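The block underneath contains the structure these notes are about, expressed in structure tokens.
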Amino acid sequence: MLKLLWLIPALPLASSLLLILTQGRLPRAAVAALGVGSVGLAALIAFAIAAGFDMGTTYSQHLWQWFAIGSLQPGFSFYLDGLSLVMLLVVTGVGFLIHLYASAYMHPDPDYSRFFASMNLFLAAMLVLVLADNLLLLYLGWEGVGLCSYLLIGFWYQDPANGAAARKAFVITRVGDTAMAIGLFLLVREFGTLDIQQVLSAAPERWPDGSTLATACALLLLGGAVGKSAQLPLQNWLPDAMAGPTPVSALIHAATMVTAGVYLIARTHDLFLLAPAAQTLVAVVGVLTLLLAGYSALAQTDIKRILAYSTISQIGYMFLALGVGAWSAGIFHLVTHAFFKALLFLSAGSLILALHHQQDIRAMGGLYRRTPLLFGCFLVGSACLAALPLTSGFFSKEPILAQAWESSALLWLGALLGAGLTALYSFRLMFVVFFGPLQTPPQPLDMPPTIKARMPAVLLVLALLSLFGGALSLPLDGVLPATEAHPPMLVEAVGIGVPLLGVYLAYHFYLARPERLTQLLKFRGSRRLQILAQSGGGFDWLYDRFLRTPFIWLAKTNRDDAADLISRGTAGLSRYSHQLLAETQNGQLRWYASLMGLGLAFLIGMGVLT
Amino acid sequence: MLSWLITLLLGGGLLAAGLGRLHPQAARWVALAVLGLALLWLLPLLGRATGGPWQPGEGAWLLLEQHAWIPRFGIQLLLGLDGLSLLLLLLTLVLGLVAVAASWWEIEQQEGFYYANLLWSLAGVVGVFTALDLFLFFFFWEVMLIPMYFLIGIWGHEARHYAAIKFFIYTQASSLLMLVGILGLAFLHQQEQGSYSFSYFDLLGSGDRSPHGFWLMLGFFIAFVVKLPAFPLHTWLPDAHTQAPTAGSIILAGVLLKTGAYGLIRFLIPLFPDSLTSFGPIAMGLGVAGILYAAVVAFAQTDLKRLIAYTSISHMGFVLLGVYAWNSLALQGAVLQMLTHGLSSAALFMLAGALQQRLHTRELSRMGGLWRYAPRIGFIALFFAMASLGMPGLGNFVAEFLVLAGSFQVNLPMTLIAALGLITAAVYALIMIQKAFHGPAPSAPALVDFDRREVTAMAVMMLGLLWMGLYPQPLIDSLGPVLDQLQRTAAVSLETVHWSQR
């Protein structure tokens with residue numbers, strides 16, 4: 001079974017190529033069969049491999065040599081251990097569910113085939129990223145998912161705003177990717193190889209703890225991770241990325257691609273262990289991001305943007321986990337987050353469809369009777385997101401808080417505050433959308449019933465996974481360093497209590513006594529705080545003002561290329577002197593005679609003086 | 001034999017001109033046949049270049065050919081072919097075929113003379129890539145220039161005369177500086193050995209011994225970086241590319257620019273190895289400046305062809321950086337960049353030409369939303385835009401990665417600045433796609449999608465880039481011995497110079 005490992009990325013890739021080559025001429029049913037079937041088959045193989053995999057061992061599969069120059073010999077080679085297996089299952093499993101959902105959601109779209117071509121290509125790239133045994137191949141997957149993210153954010157390309165969001169996502173993540181590439185150059189110089197296991201085993205021998213090079217290397221990789229995972233300071237592309245179709249947001253911008261940074265850090269954790277400063281920075285970035293994003297989510301009115309900020313915030317928890325050494329907990333939270341965030345996004349998608357592409361929560365309300373299934377799904381998802389007891393989100397977030405307590409009270413406080421914010425914004429969403437007076441009545445979908453039924457089916461599966469995913473045990477022993485944290489009872493109790501308080505506050509301000517909120521917002525300065533939250537901390541403004549605008553100004557000013565002055569100047573000079581000399585030939589005898597006289601006088605003067 | 005290959009192209013040109021007078025359409029068939037024949041002749045050599053493990057110390061030459069020409073001055077017909085030349089010849093001939101395909105319906109006047117110029121220019125390029133006698137090299141350098149001048153000046157667009165003259169003056173003036181350098185080396189040989197020689201093998205490393213070595217080197221350098229082109233001597237290129245007919249742009253960007261890089265690798269550094277240390281940082285600085293400067297200028301262009309022209313300059317900056325880093329990684333990267341950029345820029349120019357032919361404009365502001373009406377053109381443009389921004393899986397990524405990984409080991413600050421080029425490349429490549437293909441669609445576009453002929457030409461280049469991106473090892477294997485030998489040659493003559501100075 002293990003020998004079939006290569007098929008897992010190859011199947012979606014083949015399907016994508018087929019869809020590209022047929023140029024949209026296949027019937028919808030065939031497109032769906034290819035697009036969803038290939039992923040389903042890949043998922044089946046992945047689960048079969050997992051069933052027979054001897055945990056604690058590793059498996060390598062070498063397909064072909066990419067290139068070999070000296071000791072630098074990256075190959076198309078896959079590496080399977082507990083960590084990549086977990087990622088493999090999440091990517092193919094959740095990926096399959098989202099593809100199945102999308103086959104119904106995108107059914108009316110004229111570009112059905114292009115959609116699945118991009119989605120399948122994305123999945124292939126993501127699987128290469130996860131399975132790569134060397135950092136160059138990982139980088140191939142890394143950039144590949146970025147490309148597909150770009151293609152799918154800008155899927156509805158006729159609206160320039162979507163194109164702008166797509167380019168923003170690509171360019172900002174490219175900034176991080178460039179840092180990562182420089183990290184790879186550094187590793188090539190130091191170790192002559194990019195094989196992950198070789199680098200990880202050679203690094204502790206070469207670099208002492210906390211050495212400059214180890215820190216530089218870890219920081220450069222972190223640069224790549226914050227770009228892809230939308231963490232500070234490169235987080236501001238993700239809310240705009242919601243311009244893509246909702247299944248895309250669920251798959252790429254919630255469940256899989258944006259967690260690639262977490263995977264990268266976990267994969268290269270030995271390097272971060274050598275660089276305590278860099279590892280601490282991971283935790284700090286995580287806490288700051290989860291606070292800022294949680295705060296920003298409070299003031300959003302677009303349902304998808306709320307979820308986007310919540311994704312940024314939850315990945316912040318994963319970074320915090322990695323930073324404080326709760327490696328397995330970070331990955332565990334990645335897994336449960338993939339379940340409940342996919343659930344939330346897909347439920348939001350169904351809601352948006354039912355409300356005729358209405359995304360503003362202020363135009364929603366009172367929907368709990370009209371859409372009971374969606375209400376239930378949202379309730380499960382929000383409870384997981386808020387880490388209410390017994391949900392999967394609780395089981396994965398609790399060890400992060402515990403480890404944060406062990407490592408620093410400040411980090412713990414930040415995470416705790418974030419947990420309160422999470423409960424507040426997620427239940428604000430619940431109460432505003434599903435309770436109160438009915439605003440927009442939902443419409444039945446105009447779609448063949450067999451196709452339409454795929455959406456609730458997927459939601460149910462995801463809801464079950466979200467509820468009971470906390471019972472999973474991940475095969476990460478021996479791959480990631482194990483840590484145990486046993487904070488005092490009181491700390492744990494506070495960790496359980498704060499989210500409940502958040503839920504209560506949401507109930508109080510958005511359902512029971514909304515007038516209190518209006519009063520609160522009348523305070524001086526609270527309007528400013530609201531704008532700050534709405535703009536996600538003003539990073540867009542900052543980058544626009546200090547990077548984008550100057551760049552555009554510079555480019556536009558120099559459109560005609562100042563370097564061309566060399567040739568334009570030479571040409572102008574010769575033309576000018578030509579004119580000057582031509583004017584002396586004016587045909588006037590007086591002028592010629594006087595010039596001759598002057599010349600003669602000059603010559604004689606020269607002769608006399610020398 | 002190499003001289004036959006050049007004769008074939010020159011003779012094919014004469015034939016095309018002659019037959020073109022009898023029947024206008026005969027010329028393109030002649031060009032197609034001649035280039036196809038030449039390619040068939042070369043292909044078996046690729047097997048030899050890549051096949052078999054290469055033994056260190058073994059000569060890297062696959063073919064060497066020597067005839068007397070002007071013995072009194074030590075000038076010979078000395079031609080040689082190794083892995084480096086071979087790959088560049090293959091690129092030249094493949095792009096020659098692409099250029100013929102692009103011209104097929106575009107050129108409607110004086111077809112005989114047009115295809116003759118195309119073939120003659122390619123003959124000059126083949127000569128440049130194989131000549132090992134410096135006088136002969138200079139001769140071919142001029143041969144490729146003049147037909148290109150005609151291609152731009154006669155069959156170009158609205159401002160073709162300005163562009164052609166600018167192109168001619170830049171390249172001609174700079175190549176005269178190279179002639180001074182060549183003569184200087186020949187005189188030096190006469191002083192040292194008592195006889196003139198223009199032979200590459202006789203002159204290797206001799207430049208460093210000349211008292212005026214720096215100035216001779218600068219003559220070569222200017223000639224090569226004008227062709228490359230490098231900042232700030234690049235400004236002939238946007239005009240020439242924009243005004244040239246599609247095939248002219250393809251040959252210019254795909255092939256002619258590479259002669260500059262080839263000159264640096266084959267001639268300049270082996271003749272003047274000392275310049276690596278004394279002049280290297282300046283050259284690398286010019287390369288890095290070109291990468292970023294041209295990328296910023298490209299972003300602001302409103303003319304599609306001009307935009308692509310500036311991206312060429314940016315990409316050639318990587319080549320300059322890689323050549324002067326002069327280690328295995330960077331050199332492999334630089335040569336791969338020459339090959340991949342050859343394909344990707346040729347394809348982009350062909351796209352721009354096809355759009356211009358269909359829409360009668362090159363202005364991006366008059367495009368937009370074209371994907372809807374021509375998804376094939378859109379997809380192919382997206383593919384090559386991704387190649388241009390260095391998407392892994394395509395050859396350009398491998399090339400740029402190797403250049404930067406190599407130069408990182410030589411010059412850290414330069415590499416860090418050059419790496420910013422990865423970001424700016426994304427900026428200009430994506431804005432190009434946005435302006436031409438995305439956005440709201442025009443109401444009544446008269447846009448026909450690519451036909452089979454165009455798709456075939458594009459598919460060849462796409463497969464080439466995929467091959468170089470996923471399995472470039474055969475290329476690396478055939479370049480390895482050549483680049484090793486060049487590095488050793490430079491190192492040996494550096495040692496002897498330093499030894500004699502002691």
Side-chain angles (χ1 to χ4, degrees), chain A residues 20 23-24 64-70 72 76 111 114 125 136-137 139-144 146-147 150-151 154 157-160 162-164 166-167 170-171 174-175 177-179 181-182 184-186 188-189 551-552 554-568 570-571, chain B residues 166 169-170 231-236 238-239 293 296-302 310 328-329 332 369 371-372 375-376 379 382 386 389-393 397-398 401-402 404-405 407-409 415-416 419-420 422-427 430-431 433-434 437-441 470-473 476 480:
Chain A
I20 291 170
Q23 301 175 25
W64 75 86
Q65 186 80 45
W66 196 345
F67 58 82
I69 301 173
L72 180 63
F76 277 80
D111 278 328
R114 181 163 61 89
L136 201 63
L137 187 60
Y139 192 78
L140 180 140
W142 189 269
E143 289 272 284
L147 162 66
Y150 160 80
L151 293 176
Y157 58 83
Q158 299 213 16
D159 184 352
N162 297 347
R167 274 177 289 131
F170 194 93
V171 171
R174 198 102 223 264
V175 173
D177 296 358
T178 303
I182 295 170
L184 301 197
F185 304 147
L186 179 65
V188 171
R189 191 186 76 183
F551 179 86
I552 293 176
L554 184 71
K556 296 249 154 100
T557 313
N558 193 31
R559 177 177 288 150
D560 290 334
D561 194 351
D564 200 29
L565 289 176
I566 299 174
S567 47
R568 268 180 273 164
T570 319
Chain B
K166 195 170 179 181
I169 292 177
Y170 261 89
F231 176 84
L233 299 174
H234 61 268
T235 59
W236 63 270
D239 287 309
Y293 181 83
V296 175
V297 180
F299 171 77
Q301 296 307 307
T302 54
Y310 275 102
S328 296
L329 287 178
Q332 288 275 8
W371 188 294
R372 176 145 173 234
R376 253 174 279 173
F379 173 79
L382 182 69
M386 287 303 142
L389 65 75
M391 181 56 59
F397 167 73
V398 177
F401 183 86
L402 290 176
L404 291 173
S407 72
F408 189 89
Q409 306 178 3
T415 310
L416 293 182
L420 294 177
L422 300 177
I423 303 169
T424 49
V427 174
L430 296 183
I431 201 76
I433 293 294
Q434 175 68 38
F437 295 99
H438 291 170
L470 297 174
Y471 188 59
Q473 196 58 34
I476 287 171

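Only this structure's heavy atoms are used, side chains among them; waters, hydrogens and symmetry mates stay out. Just so we're on the same page: letters track the sequence lines, and every chain starts at 1. Predicted model, so just to flag it, every value in this text is computed and none were measured.
With a threshold of 4.5 angstrom between heavy atoms, Leu404(B) approaches chain A through its backbone and through its side chain. At a 4.5 Å heavy-atom cutoff, the contact between Arg376(B) and chain A is made by side-chain atoms alone. With a 4.5 angstrom heavy-atom cutoff, Ala571(A) does not touch chain B via any of its atoms. Neither the backbone nor the side chain of Leu137(A) comes within less than 4.5 Å of any heavy atom of chain B. Residue Pro472(B) touches chain A through both its backbone and its side chain, counting heavy-atom pairs closer than 4.5 Å. Of the two parts of Ile433(B), only the side chain, counted from C-beta on, holds a non-hydrogen atom closer than 4.5 Å to a non-hydrogen atom of chain A. Contact annotation for Trp64(A): only side-chain heavy atoms (C-beta onward) come within less than 4.5 Å of a heavy atom of chain B. Using a 4.5 Å cut-off between heavy atoms, Gln332(B) touches chain A through its side chain atoms alone.
In the model, Asp561(A) has a side-chain atom that pairs as donor or acceptor with a side-chain atom of His234(B) under 3.5 Å.
Heavy-atom pairs under 4.5 Å with chain B peak, among Gln158(A), Arg568(A), Glu143(A), at Gln158(A). Heavy-atom pairs under 4.5 Å with chain A peak, among Ile431(B), Val297(B), Leu422(B), at Leu422(B). Contact tally against chain B (heavy-atom pairs below 4.5 Å) for Leu147(A), Thr557(A), Asp159(A), Asp177(A): the top residue is Leu147(A). Ranking Tyr293(B), Phe231(B), Phe437(B) against chain A, the residue ahead of the rest is Tyr293(B), based on heavy-atom pairs under 4.5 Å. For the set Gln65(A), Gln23(A), Lys556(A), Arg114(A), the entry with the most heavy-atom pairs within less than 4.5 Å of chain B is Gln23(A). Chain A forms more heavy-atom pairs under 4.5 Å with one residue of Val427(B), Thr415(B), Thr424(B) than with any other, namely Val427(B). Per-residue heavy-atom pair counts under 4.5 Å with chain B were compared for Val188(A), Leu554(A), Thr178(A), and the maximum is reached by Thr178(A). Of the listed residues (Asn162(A), Ile20(A), Asn558(A)), the one with the most heavy-atom contacts under 4.5 Å to chain B is Asn558(A). Ranked by non-hydrogen atom pairs under 4.5 Å with chain B, the options Leu184(A), Leu186(A), Asp560(A), Ile552(A) are led by Leu186(A). Counting heavy-atom pairs under 4.5 Å between each of Asp239(B), Ile476(B), Ile423(B) and chain A puts Ile423(B) at the top.
Under the side chain to side chain contact (heavy atoms under 4.5 Å, CB included) criterion, Ser328(B) pairs with Ile69(A), Asp484(B), Gln487(B), not counting sequence neighbours.
For Arg174(A) against Gly390(B), the heavy-atom pair with the smallest separation is NH2-O, 3.4 Å. For Ala563(A) against Pro232(B), the heavy-atom pair with the smallest separation is CB-O, 4.1 Å. Taking every heavy atom of both residues into account, Leu140(A) and Gly393(B) meet most closely at CD1-N, 3.7 Å.
Residues Tyr150(A) and Leu382(B) are in side-chain contact: their nearest non-hydrogen atoms beyond the backbone lie under 4.5 Å apart. Counting heavy atoms from C-beta on, the side chains of Trp371(B) and Asp111(A) never come closer than 4.5 Å.
The main-chain N or O of Ala68(A) is found under 3.5 Å from a side-chain atom of Gln473(B) such that the two form a donor-acceptor pair. With Trp236(B) contributing its side chain and Ser567(A) its backbone, the two residues share no donor-acceptor pair below 3.5 Å.
Rounding to the nearest 0.5 Å places CD of Gln434(B) at 11.5 Å from OH of Tyr157(A).
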(message) What verdict does the ring-ring contact (aromatic ring centres under 6.0 Å, His included) test give for Phe401(B) and Tyr139(A), after you've listed the backbone C-alpha separation in whole Å, the side-chain angles of each residue and the deciding distance to 0.1 Å?
(response) CA-CA 11 Å; Phe401(B) 183 86; Tyr139(A) 192 78; 7.2 Å; no
